[in-house]
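Keep in mind the model is a prediction, meaning the values are calculated, not measured. Each chain gets a letter, A, B and so on, in the order its sequence line appears, and its residues count up from 1.
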There are 2 protein chains.
Amino acid sequence: MAGNGDVRTRRVTQREIARIAGVSQATVSAVLNGSTSATVRIPPATRERVQRALEQARYVADPAARRLAGLGNKILGVFTYEPAMSVETVDFYGPLLTGIEESAERLGCDLLFLTASPVVGGRRRLLDRRTRFRLADGCLLLGQDMDEQEVAELVAEGYPCVAVGRREEPSIPYVGVDYGALTLELLTRARALGHRRATYLHADRQTPSALDRVEALGRATAGGVLDVRTEIVTDDDLERAARDAAGRGETLVLCENAFTAARVGSALVDDDTVSVAALGETEGHAVAGRQVSGFRLPRTRMAHEALTLLHRIIDGEAAPAKRHRLLPGRVEPGETLRAADGASR
Amino acid sequence: MAGNGDVRTRRVTQREIARIAGVSQATVSAVLNGSTSATVRIPPATRERVQRALEQARYVADPAARRLAGLGNKILGVFTYEPAMSVETVDFYGPLLTGIEESAERLGCDLLFLTASPVVGGRRRLLDRRTRFRLADGCLLLGQDMDEQEVAELVAEGYPCVAVGRREEPSIPYVGVDYGALTLELLTRARALGHRRATYLHADRQTPSALDRVEALGRATAGGVLDVRTEIVTDDDLERAARDAAGRGETLVLCENAFTAARVGSALVDDDTVSVAALGETEGHAVAGRQVSGFRLPRTRMAHEALTLLHRIIDGEAAPAKRHRLLPGRVEPGETLRAADGASR
DNA sequence: TCTGTGTGATGGTACGTATCATCACAGGAG
DNA sequence: CTCCTGTGATGATACGTACCATCACACAGA
């Protein structure tokens, strides 16, 4: 039957309670919801009788029925475009999950992880006939490689969504990190250390945050902070490109993330004249015992803010204008970004 | 409104599809479920017309309605008696979550984390009026400190549950680790290293796995493997009790878990005549650079097995007799359990 | 013509909850 | 006695899906 069998296990319903208390199902519902409309009134005596029956029979509302009746049920969906708890991805998702769980507990919400969404073309697909996210009052979207069109459709439908990470599509609410400001701050620090020319090695991914970094590098170059050359490389070309940069006399190689920075750092470990830094989170990454220079991103706080925003949108409290949020991060000085005059061992 | 507002966002229902295709809602349902009963038959032409309408209008079934109609909807609940993704507990729960996510994906199920269940008396309460686990087809239960009575009630109702960790209550299905066998194996190894007398320091917790360890120690003593004294200690008394054991000439101090073992190890770090071992997972725990001796528990695999068992129970495929499973672990020799003749630095 | 039979589809109802419109009744005013 | 009003509670219905019982129809056989 593959999980499609009859799963009715409930025994005690409002009707059952009504029978015990000698009232109607409607009255039970009214007591449960504390309805004090002008038209429906419950005197304390009846109310108490029903309450006792509820206690005694251990009544628990059926969330499916509540949902069907058009009410929210305090379930928030969590959609990740790749597995979130696997050994490989837990470094990235872990801090986010921490924040998500904390916030959900604080808000009194349960979390529906949409682990069943079918994988099409390497990433999970959100809009599919089998998807169950509509059971949730709203949905949190995590992952670099998001199909913004798909999400925009959902938003247009009126379904509450919040993305973690900046999005281009203006209709999508999001909570992200200000990569532009962080990039600029790191470059300013590099300039203070004597650097003048750098190369940014990247894979030319078109995600919003990747574009933010490139754009900030462009502004920095135009503004005379640092002259940054950008080069699109594949994973195989990384070391070659780094050595080329050194050969051109550049003193700093910037990378997209801590992994590539670590590889570049290893390739150049003998060359004290070239610094390396990542334009991403570098916690726990080191080259030859040296902490990789880069960013510290407030991932747990991002999750907090995202869940809070989602909750507000569900409650209709978030003005459309206040649905985009960029949080500040922190530059991690690290030990792989050193003074440019080099040879300072 | 605190999430209780009207959240109806759905637009396209079976009725809508029926209108488009010029058939009845019942026909749409039949097409969707591929019903080929003797009584209801859909010719290919009609079937195709409905299919086209479904595609065109991007129909997505409402899981709440499915559930209400008595069908499973491939949602598995995950109930943890404490936060699972917090910084403090991720060491313990992380590998379990990895297995849970993997299995859920493999089974095509979504996961409902019951983070909203109210905390009463230090642990989350499962049976509460506000709980939403009944939305799930079944529920996985995680946590040391489980209220077995509560779970037994649930099982008696016919609600599919599986606990991770052994349970006393025979009606509760579980997947656990064979602590008894592991304890015996560690003691046998200790004997081979020359140890004859040991003390087990524990907090006298009444969880099944704690009792299993104590019982195995008793069997080992009775069987002449090793003479193990057990002592109930509070956290404050730990170091004192460990020094007392050394004073009595015992050569091995056994602890309940890696944390207490590490503390005892630190207190006795200057005394090479006394070994320390934990009767629990010790991965990542060390004293003065020495890996703490203890167990390796197959936690990811436990989660796999537990989810698989849950799925089987939901499908009615698991005979009641096959609902209890103890997995073997592995003894981690480590470096804090040394030869008993000591002074071998 | 009547009866049976197979085909294609539909109407009605159940699931559990929320809500609106309605109703029975008592007591006071006219 | 009738009308009105406020009180207490209920019946009916909607939500979206699944499924059983039923029906209309055509066609063949007696």
Set of residues satisfying side chain to side chain contact (heavy atoms under 4.5 Å, CB included) with respect to [X], sequence neighbours excluded:
X       : value
B:Arg15 : B:Thr13
A:Phe92 : A:Leu96, A:Gln144, A:Arg299
A:Arg19 : A:Glu16
B:Asn33 : B:Ser29, B:Ser35, B:Arg66

d([atom1], [X]; [atom2], [N]) in whole Å:
X       : N      : atom1 : atom2 : value
B:Leu68 : C:dA18 : CG    : P     : 12 Å
B:Ile17 : D:dA18 : CD1   : C1'   : 16 Å
A:Asn33 : C:dG16 : CG    : P     : 17 Å
B:Glu16 : D:dC15 : CD    : C1'   : 15 Å
B:Asp62 : C:dG16 : CG    : P     : 16 Å
A:Leu71 : D:dA14 : CG    : P     : 17 Å
A:Gln14 : C:dA18 : CD    : C1'   : 8 Å

In this structure, CG of A:Asp137 is separated from CG of A:Leu71 (nearest 0.5 Å) by 9.5 Å

Can you tabulate the close N/O pairs, meaning under 3.5 Å, that link protein atoms to atoms of nucleotides 24-28 of chain D?
none

Could you give the angle between the helix axes at the two ends of the helix from C:dT1-D:dA30 to C:dG30-D:dC1, with five pairs per end, rounded to 10 degrees?
-> 90°

Report the residues that fulfil ring-ring contact (aromatic ring centres under 6.0 Å, His included) with B:Phe133, sequence neighbours left out, ordered by chain and then residue number.
-> B:Tyr159

Name all residues meeting the salt bridge (Lys or Arg N to Asp or Glu O under 4.0 Å) criterion together with [X]; count only those two or more places apart in sequence or in a different chain, and write none if there are none.
X        : answer
A:Arg301 : A:Glu305
A:Arg49  : none
A:Glu105 : B:Arg124

Does any pair with a residue in residues 98-126 of chain A pass ring-ring contact (aromatic ring centres under 6.0 Å, His included), and if so which ones, sequence neighbours excluded?
-> A:Phe113-B:Phe113

Residue-phosphate contact under 4.0 Å: A:Arg15 side-chain N/O, C:dC15 OP1/OP2 | yes

Does B:Arg66 have a side-chain nitrogen or oxygen under 4.0 Å from the phosphate oxygens OP1 or OP2 of D:dA18?
-> yes

What is the per-nucleotide protein-contact pattern of nucleotides 7-13 of chain D, from the 5' end, where B denotes a base atom under 4.0 Å from a protein heavy atom, S denotes such proximity for sugar-phosphate atoms only, and - denotes neither?
-> BBBBB--

Take atom CZ of B:Arg58 as the centre, draw a 6.0 Å sphere, and report whether it contains more than 12 heavy atoms from other residues, nucleotides or ligands.
-> no

